[in-house]
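Because the structure is predicted, anything quoted here is derived from the model rather than measured.
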Amino acid sequence: MKLFDVYPINNITIDKAKGSYVWDEKGNQFLDMYGGHAVISIGHSHPHYIKRLTDQLNKVGFYSNSVHIPMQEELAEKLGRVSGKNDYQLFLCNSGAEANENALKLASFHTGRKKVVAFKKAFHGRTSLAVAATDNPALIAPVNETANISFLPFNDEQALEDHFSKEGSDIAAVIIEGIQGVGGIKIAKNEFVQTIRRLCDLHGAVYIADEIQSGYGRTGKFFSHDFAGVKADIYTMAKGMGNGFPIGGILISPQIKPKHFLLGTTFGGNHLACAAALAVLEVIEKEELLQNTNEKGTYLQNALNEIKEISNVRGRGLMIGFDVPGEMKDLRKNLLSTQKIFTGEAKPNIIRLLPSLALSREEAEYFIHALKKEIASMVLKPVV
Ligand SMILES: Cc1ncc(COP(=O)(O)O)c(C=O)c1O
């Protein structure tokens with residue numbers, strides 16, 4: 001049997017990983033400034049994470065949500081404290097798309113309404129509602145097409161006001177990434193998210209903050225929405241939550257009431273997933289990774305701003321993007337093949353940095369040094 005060929009892959013096999021580094025089977029070392037797509041939060045193969053998961057596996061790996069799983073309560077308590085959202089409720093699932101799917105569905109159950117506001121260039125995942133709220137027609141199958149989702153321009157307060165004044169009483173939810181990831185590291189302005197909050201309150205709509213890429217400390221605050229001092233009604237999380245163990249979740253504000261069978265999943269919140277998520281939060285706290293994210297993010301943005309060949313350096317914490325000129329469109333590819341550094345991309349010609357939140361100063365400096373070296377060699381050898 002062959003694999004269903006949906007991923008354009010780099011011809012590299014990763015055999016070992018530690019901290020901010022990965023190694024291929026030939027022993028080549030790579031600096032991981034991509035974090036396996038913003039997933040590696042506390043660093044690859046963290047000893048505490050390995051121990052917590054190993055100990056848990058030796059006790060019980062899985063049992064269904066038909067029994068009491070005290071670790072889920074422990075996780076809810078810890079997540080509430082670390083995120084500053086103590087009064088919220090936690091529902092656990094398995095991925096980012098599933099988190100958004102449940103958030104949108106819950107908003108619809110709660111309001112009894114069908115309409116959703118999403119934004120241009122948004123990416124919310126690939127399941128039916130999540131993909132319908134994703135602004136990329138290539139990903140939307142005919143069965144996912146719906147007139148219930150409106151895509152408004154990002155950061156345009158007037159367009160939002162106008163839309164709410166027409167359809168406000170039908171809107172179940174507004175869903176927005178605090179920083180658009182796939183859309184190219186675009187920060188939602190504070191005034192914009194404050195306007196969303198005000199309009200949702202005025203019209204009784206649910207505010208969903210998609211913090212799947214921008215959350216879990218990646219921006220230097222637990223949620224990127226915290227910069228605007230705005231509280232969403234639902235926060236969706238995945239990626240960094242399990243440092244590679246598949247887990248997602250939604251934080252639900254107290255005014256949304258649960259009912260048996262309203263949401264559900266077989267695997268969500270299983271013992272191993274909870275152990276992974278608890279290990280991540282324990283390391284985030286113990287190693288003060290939010291502070292590290294702020295420091296290393298500031299260093300990287302300052303250093304990147306001094307490189308004249310690249311432009312529009314932006315982002316928060318360790319979620320950074322910059323534009324690469326068209327004649328250097330191979331920069332990302334060359335960073336991987338020549339400098340042995342993984343980075344992320346967004347179209348067109350944007351490099352995204354999403355490293356582990358435990359990135360060290362030496363690793364950040366090494367990245368800048370290698371980037372300058374690669375740019376210099378490309379300037380000397382212009383593409384014809
Ligand atoms: C902002 C955002 N939302 C949702 C998702 C979907 O997450 P998953 O791939 O875990 O389903 C992603 C994944 O890249 C994302 O970046």
Side-chain angles (χ1 to χ4, degrees), residues 85 88 91 96-125 127-136 140 144 146-183 186-215 219 223-238 248-256 263:
K85 306 283 179 285
Y88 281 54
F91 174 74
E98 199 186 340
N100 283 334
E101 199 76 21
N102 280 293
L104 288 162
K105 204 166 144 186
L106 188 54
S108 178
F109 273 135
H110 179 68
T111 58
R113 302 175 185 172
K114 291 184 183 169
K115 301 276 185 196
V116 169
V117 173
F119 296 96
K120 297 273 184 209
K121 293 208 132 195
F123 183 88
H124 296 297
T127 55
S128 59
L129 260 175
V131 84
T134 289
D135 183 27
N136 183 349
I140 299 175
N144 303 132
T146 166
N148 286 331
I149 317 262
S150 303
F151 291 99
L152 301 187
F154 193 66
N155 276 336
D156 184 337
E157 286 158 60
Q158 194 55 52
L160 194 66
E161 297 265 8
D162 294 347
H163 188 76
F164 262 96
S165 63
K166 273 188 270 148
E167 296 196 8
S169 57
D170 294 328
I171 297 173
V174 177
I175 182 164
I176 183 168
E177 294 157 81
I179 302 180
Q180 286 191 336
V182 175
K186 303 237 170 63
I187 301 179
K189 287 188 302 192
N190 288 355
E191 309 77 61
F192 188 59
V193 298
Q194 285 155 2
T195 303
I196 300 177
R197 180 67 278 172
R198 182 171 52 76
L199 290 170
C200 282
D201 286 342
L202 193 64
H203 295 271
V206 173
Y207 188 149
I208 302 172
D210 179 340
E211 294 279 1
I212 287 159
Q213 189 165 148
S214 57
T219 60
F223 291 125
S224 65
H225 272 75
D226 297 343
F227 284 92
V230 157
K231 276 192 167 186
D233 299 310
I234 302 180
Y235 293 87
T236 62
M237 312 163 294
I250 63 179
L251 291 190
I252 306 156
S253 79
Q255 92 268 8
I256 301 177
L263 305 176

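I176 places none of its side-chain heavy atoms less than 4.5 Å from the side chain of I208. Looking at heavy atoms from C-beta onward, V116 lies out of side-chain contact with V174 at the 4.5 angstrom threshold. A heavy-atom distance below 4.5 Å is found between the side chains of I234 and I256. Put simply, the side chain of I252 does not reach to within 4.5 Å of the side chain of Y235, judged on heavy atoms. Between I187 and F227, every side-chain heavy-atom pair lies at or beyond the 4.5 Å cut-off. Put simply, the side chain of F123 does not reach to within 4.5 Å of the side chain of Q213, judged on heavy atoms.
Closest approach of A118 to I149, counting heavy atoms only: CB-CG2, 4.1 Å. Smallest separation of non-hydrogen atoms from I212 and A99: CD1-CB, 4.5 Å. Minimum heavy-atom separation, F164 to A205: CE2-CB, 4.3 Å. The nearest pair of heavy atoms linking A232 to Y88 is O-OH, 2.7 Å. Nearest heavy-atom pair, A132 versus F151, reported as atom, atom and distance to 0.1 Å: O-CZ, 3.3 Å. When all heavy atoms of H163 and V117 are compared, the closest pair comes out as CD2-CG2, 3.6 Å.
For the residue pair T219/S224, the side-chain donor-acceptor check at 3.5 Å is not satisfied. With no hydrogens or angles considered, a side-chain donor-acceptor pair links D162 and Q158 at under 3.5 Å. Of the N and O atoms on the side chains of N100 and T236, at least one donor lies less than 3.5 Å from an acceptor on the other residue.
The line from CG of N136 to NZ of K121 is 10.0 Å long, rounded to the nearest 0.5 Å. If you take NZ on K166 and OG on S150, they are separated by 8.5 Å, rounding to the nearest 0.5 Å. Atom CG in L160 sits 8.0 Å away from atom CD in E157 (nearest 0.5 Å). Of the inter-residue distances, the one linking I250 atom CD1 with L263 atom CG reads 5.5 Å to the nearest 0.5 angstrom. K120 NZ to F154 CZ: the interatomic distance, rounded to the nearest 0.5 Å, is 13.5 Å.
A side-chain donor-acceptor contact under 3.5 Å links N155 to the backbone of K189. Put simply, the side chain of N102 gets close to the backbone of E98: a donor and an acceptor are under 3.5 Å apart. Q194 places a side-chain N or O within 3.5 Å of a backbone atom of A228 that can act as its donor or acceptor partner.
Residue pairs that meet the salt bridge (charged side-chain N to carboxylate O under 4.0 Å, His left out) test with at least one member in residues 101-114, sequence neighbours left out, do not exist here. For residues 190-215, the set of pairs meeting the salt bridge (charged side-chain N to carboxylate O under 4.0 Å, His left out) definition, not counting sequence neighbours, comprises E161-R198, R197-D201, R197-D233.
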>> Show, in sequence, the C-alpha distance, side-chain angles and deciding distance for I179 and K186, and conclude whether the side chain to side chain contact (heavy atoms under 4.5 Å, CB included) test is met.
In response: CA-CA 5 Å; I179 302 180; K186 303 237 170 63; 5.8 Å; no
>> Please evaluate residues F119 and H124 with respect to the criterion ring-ring contact (aromatic ring centres under 6.0 Å, His included), reporting the C-alpha separation (whole Å), side-chain torsions for both, the decisive distance (0.1 Å), and the verdict.
In response: CA-CA 10 Å; F119 296 96; H124 296 297; 8.7 Å; no
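Partners of K85 by salt bridge (charged side-chain N to carboxylate O under 4.0 Å, His left out), not counting sequence neighbours, listed by chain and number: D226.
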